[in-house]
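What follows is one structure encoded as C-alpha cells, with my remarks underneath.
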Amino acid sequence: MKPVLIKHLGQHKDQEVFIRGWLYNMRSSGKIIFLIVRDGTGLVQGVVVKKEIGEEIFKIARNITQESSLEIRGTAREEPRSPGGFEIQISSLKVLHLAEPYPISLKEHGVDFLAERRHLWLRTPRQSALIRIRSELEKSCRDFLHDRDFILADAPIITPTACEGTTNLFEIDYHGEKAYLSQSGQLYNEATAMALGRVYSFGPTFRAEKSKTRRHLMEFWMLEAEAAFIEFEENIRLQEELISFLVQQVLEKNKRDLDLLQRDPSTLANVAPPFPRMSYTEAVDFLKGRGVDFKWGDDFGAFDETIISRNFDLPVFIHRFPAGIKAFYMKCDEENPEVVLGADLLAPEGYGEIIGGGQRIEDLEILKERLLLHKLPLEDFEWYLDLRRYGSVPHSGFGLGLERLLAWVSGIDHVREAIPFPRMLYRMCP
RNA sequence: UCCUCGAUAGCUCAACGGUAGAGCAACCGGCUGUUAACCGGUAGGUUGUAGGUUCGAAUCCUACUCGGGGAGCCA
C-alpha cells in the first residue's frame with residue numbers, strides 16, 4: 001500500500017490508508033488511545049481501541065513516546081474533533097523507532113531553551129508553518145521574476161573587497177589572502193545585468209555588525225534583482241507588484257499555516273499596488289509634525305521608521321534620500337542633485353525596512369568621483385567601473401530581505417524564527 | 001561598543017533576610033471520545049560561578065560567565 005501524506009487525506013475519505021510519521025502527542029484512557037501523528041504536512045489523530053486491536057498492540061501503543069517514528073494503517077474518516085479534520089481508525093501500527101524521552105514538551109518554553117534545541121524545535125507546528133511559508137515566498141519570488149524575463153545569475157559569496165565599504169564584514173582566510181563573506185551581490189548583479197538584461201540573485205548574505213535586535217541576523221537571505229534600462233519609477237512599480245504577489249500567494253497557499261500562527265489574513269488581504277510613498281523630505285516634515293527632533297540630512301532610526309510605518313496599512317516607500325546617507329553607487333535626482341533616486345520599503349506594523357533599492361549611476365566620471373568621496377580604493381572597483389566603459393545604460397535594482405518579509409507576513413515578533421538555523425550575535429549552534 | 005533586564009527541579013515559574021515550593025514533563029496506577037485531556041501516587045535541588053555583608057543569604061553588595069530585550073548599523 002502506498003503511503004499517503006496527511007494533507008492529502010481528504011482524497012482518501014473512508015478508504016484504507018497508510019501513514020508514516022512521528023508521534024506528536026498522545027491521550028489515553030483505559031480502553032482507547034488517541035495518537036496525534038505528524039508527518040510534516042499536517043496532524044492527524046489515530047484512534048486505537050483495545051477491543052478491536054487486541055491486548056498486545058494496545059499495550060505497545062500505550063507506551064509510544066513523544067516523537068517516536070511510526071507507521072499506521074487504518075480507515076480515514078472525517079472527524080471534526082480531530083486536528084486536521086480527519087482521524088484514522090487504526091487497524092495496525094508499527095513503531096519504527098522508540099524515541100528517548102523528548103526534551104521539548106508541549107508546554108511553554110523559554111527562547112534560550114528552544115534556541116539551543118533548534119534542530120528539534122523545528123518539529124513543532126508553529127515552526128514548521130513558518131518554514132513552509134518561507135518556502136512559498138522563495139518559490140514565488142522566483143516565479144514572479146521568471147515571468148518577467150529575469151534570469152537567475154547568482155553572485156559569489158566569497159568576495160575580495162567590501163561591496164559598499166561601510167559595514168563590518170566577516171573575514172576569511174583565502175589560501176593566505178584576506179577575503180570576505182558577501183554583504184551584497186549587487187555589484188555583481190550589475191555586471192550580469194549588462195550581460196543578460198534582467199537578472200536576480202538569491203542567496204545568503206553576511207553582516208558582522210554586532211546587531212542584537214528582533215530584526216537582525218548575522219546571516220540572512222536576500223533576493224537581489226537588477227535590470228538594465230529600468231529606471232527609478234519602473235523599479236518601484238516592480239517592487240510593489242512583487243510584494244503584492246508574494247503576499248497574495250501566501251494568503252492562497254498557506255491559509256492553514258497563517259491560521260496556525262494566528263495571523264489575521266485581513267491585514268494582508270489589501271496589500272496591492274500602489275503603495276504609499278513619502279519622499280525623505282516629506283518624511284522629515286512628518287516626523288517634525290509629530291514632535292520628533294530631526295535634522296534634514298540625518299538617517300532615520302528604528303524609532304523614526306516605526307512612527308512613519310505605523311501610519312500606513314500598506315508597506316510605504318521612502319524615497320529620494322540625501323546622497324550623504326546612501327551608498328556610493330546611487331544616482332542623483334536631476335531635479336534635485338542633493339538627493340538620490342533610491343527608495344526603501346518599510347513594512348507596516350513596525351517590522352522595519354524590507355527592501356532597499358534604487359537607480360544606479362551609469363556615468364563613469366560621476367561614479368569615480370563618488371568612490372573617491374566615499375574614500376574607497378578605485379583599483380578595487382576597476383572591474384565595476386568597466387561596466388560604465390563598455391555600453392553603459394540606465395539601470396536599477398533592489399534587495400529584499402527574506403526573513404524580515406517573512407516575519408511581517410507571518411506576524412512573528414523576531415526574525416530568529418524566520419530561518420531554519422538562525423545565526424545571531426551570541427548564538428550559532430546548532 | 002553602549003543601555004537595560006535576567007539566571008531557583010528536565011521545563012515554566014513562586015518563595016521580597018529566618019526549614020526551597022507549585023504546575024507540567026518523567027516513573028507507577030485509574031479512566032471507551034480525548035483536544036497543550038483528566039484523577040491518584042512516587043521521585044526529583046551545591047538556587048549560574050567566585051567572593052563579601054550578616055547570628056542567618058535564593059533573597060543584600062562586588063566581580064565574572066552565559067543569555068534576553070533595545071540602541072547604533074542595516075535587509
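Below, chain A is the first sequence line, B the second, and so on; all start at residue 1. All of these numbers come straight from a predicted model, not from anything done at the bench.
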**Study point:** Pairwise P distance, B:A14 and B:A57 [rounded to whole Å]
**Key:** 23 Å

Practice item. Establish whether the base of B:C11 is bridged to the side chain of A:Arg117 by a donor-acceptor pair shorter than 3.5 Å. Key: no

Exercise for review: Starting from the C-alpha separation in whole Å, work towards a yes-or-no answer on side-chain hydrogen bond (donor to acceptor under 3.5 Å, both in side chains) for A:Trp296 and A:Thr281.
Suggested key: CA-CA 7 Å; A:Trp296 197 97; A:Thr281 305; 3.0 Å; yes

Practice item. Mind telling me whether A:Phe321 and A:Tyr280 have parallel, tilted or perpendicular rings, with 30° and 60° as the class edges? Key: tilted

**Study point:** Centroid-centroid under 6.0 Å between A:Phe245 and A:Phe144 rings
**Key:** yes

**Study point:** B:A75 pyrimidine/purine six-ring stacking with A:Phe220, under 5.5 Å and 30°
**Key:** yes

Review point. Can you find an N or O donor on one side and an acceptor on the other, under 3.5 Å apart, linking the side chain of A:Lys210 with the base of B:G72?
Key: no

Review point. Rounded to whole angstroms, how far apart are CZ on A:Phe321 and P on B:C74?
Key: 11 Å

Check your understanding: Just checking A:Asp344: base, sugar-phosphate only, or nothing, at a heavy-atom cut-off of under 4.0 Å?
Key -> nothing

Check your understanding: Looking only at side-chain N and O atoms, does A:Arg416 come under 4.0 Å of OP1 or OP2 in B:G69?
Key -> yes

Exercise for review: In whole angstrom, give me the gap between the C1' atoms of B:C60 and B:U47.
Suggested key: 15 Å

Exercise for review: Please give the nucleotide sitting opposite B:C38 as a Watson-Crick or G-U wobble pair, both distances under 3.5 Å, or none.
Suggested key: B:G30

Practice item. Pick base, sugar-phosphate or nothing for A:Gly301, based on heavy-atom distances below 4.0 Å to the nucleic acid. Key: sugar-phosphate

Check your understanding: Expressed in whole Å, how much space separates the C1' atoms belonging to B:G21 and B:A43?
Key -> 16 Å

Review point. Can you give one letter per nucleotide of nucleotides 24-34 of chain B, going 5' to 3': B for a protein heavy atom under 4.0 Å from the base, S for sugar-phosphate only, - for none?
Key: S------BBBB

Point to revise | Who pairs with B:A14 - Watson-Crick or G-U, where each distance is under 3.5 Å | key: none

Exercise for review: Have a look at A:Ala302 and say if it touches a base, only the backbone sugar-phosphate, or nothing, with a 4.0 Å heavy-atom cut-off.
Suggested key: sugar-phosphate

Review point. Rounded to whole angstrom units, what separation is found between the NE2 atom of A:His109 and the P atom of B:A36?
Key: 15 Å

Practice item. With C1' as the reference atom in both, quote the distance from B:G69 to B:A63 in angstrom, rounded to an integer. Key: 23 Å

Exercise for review: For B:C11 versus B:G56, give the span between their P atoms, rounded off to a whole number of Å.
Suggested key: 32 Å

Revision key, fill the gap. Note: for A:Glu403 and A:Gly110 on RNA chain B, the residue whose nearest nucleotide lies more 5' is A:Gly110

Practice item. Searching all strands shown, indicate the nucleotide that pairs with B:C66 (Watson-Crick or G-U wobble; both distances under 3.5 Å). Key: B:G6

Exercise for review: Tell me the partner of B:G44, counting only Watson-Crick (N1-N3 plus N6-O4 or O6-N4) or G-U wobble (N1-O2 and O6-N3) with both under 3.5 Å; none if nothing fits.
Suggested key: none

Exercise for review: Pick the P atom in B:U53 and in B:A58, then give their distance to the nearest Å.
Suggested key: 16 Å

Exercise for review: Starting from P on B:C74, measure out to CE on A:Met424 and report it in whole angstrom.
Suggested key: 22 Å

Review point. Reckon A:Arg126 has a side-chain N or O less than 4.0 Å from the OP1 or OP2 of B:A36?
Key: no

Review point. When we call it a touch if two heavy atoms are under 4.0 Å apart, what does A:Arg427 touch: a base, just sugar-phosphate, or nothing?
Key: sugar-phosphate

**Study point:** Ionic contact status for A:Arg81 with A:Glu79, cut-off 4.0 Å
**Key:** yes

Check your understanding: Which nucleotide, in any strand shown, forms a Watson-Crick or G-U wobble pair with B:A71, with both distances under 3.5 Å?
Key -> B:U1

Check your understanding: Quick one: A:Phe398 CZ to B:A75 C1', roughly how many Å, whole number?
Key -> 13 Å

Study note, to complete from the structure: Residue pair A:Leu217/A:Leu425 against RNA chain B: nearer the 5' end by closest nucleotide is A:Leu425

**Study point:** Sequence-distant partners of A:Gln66, side-chain contact (heavy atoms from CB on, under 4.5 Å), two or more places apart
**Key:** A:Tyr102, A:Leu106

Point to revise | Derivation of the salt bridge (charged side-chain N to carboxylate O under 4.0 Å, His left out) call for A:Glu353 and A:Arg404 | key: CA-CA 8 Å; A:Glu353 184 184 340; A:Arg404 283 191 186 171; 5.2 Å; no

Practice item. To the nearest Å, give me how far apart CG (A:Leu106) and C1' (B:C11) are. Key: 12 Å

Revision key, fill the gap. Exactly one of A:Glu234, A:Glu233, A:Glu241 clears salt bridge (Lys or Arg N to Asp or Glu O under 4.0 Å) with A:Arg237, and that residue is A:Glu233

Check your understanding: How is A:Leu400 classified with respect to the nucleic acid when contacts are heavy atoms under 4.0 Å: base, sugar-phosphate, or nothing?
Key -> nothing

Practice item. Round to the nearest Å and state the distance from A:Asp299 atom CG to B:A75 atom P. Key: 10 Å

Check your understanding: Quantified in whole Å, what is the P atom distance between nucleotide B:A36 and nucleotide B:A75?
Key -> 42 Å

Study note, to complete from the structure: Among the nucleotides B:A36, B:A75, B:U1, whichever has the atom closest to the side chain of A:Met222 is B:A75

**Study point:** Any-strand Watson-Crick or G-U partner of B:A20, both distances under 3.5 Å
**Key:** none

Exercise for review: Return the orientation label for the A:His319 and A:Phe232 ring planes: parallel under 30°, perpendicular over 60°, tilted otherwise.
Suggested key: tilted

Check your understanding: Which part of the nucleic acid does A:Lys50 contact within heavy-atom distance under 4.0 Å: base, sugar-phosphate only, or nothing?
Key -> nothing

Review point. Could you give the CZ-to-P distance, from A:Arg207 to B:G72, as a whole number of Å?
Key: 16 Å

Check your understanding: Using atom C1' of each nucleotide, how far apart are B:G68 and B:U62 to the nearest Å?
Key -> 23 Å

Point to revise | A:Asp333 (side chain) donor-acceptor with A:Leu341 (main chain) under 3.5 angstrom | key: no

Exercise for review: May I ask you to check whether A:Tyr200 and A:His146 show a side-chain donor-acceptor distance below 3.5 Å?
Suggested key: yes

Review point. Given atom CZ of A:Arg215 and atom P of B:G72, what is their separation to the nearest angstrom?
Key: 8 Å

**Study point:** Among B:G67, B:A36, B:A71, the nucleotide that comes nearest once only the side chain of A:Glu108 is considered
**Key:** B:A36

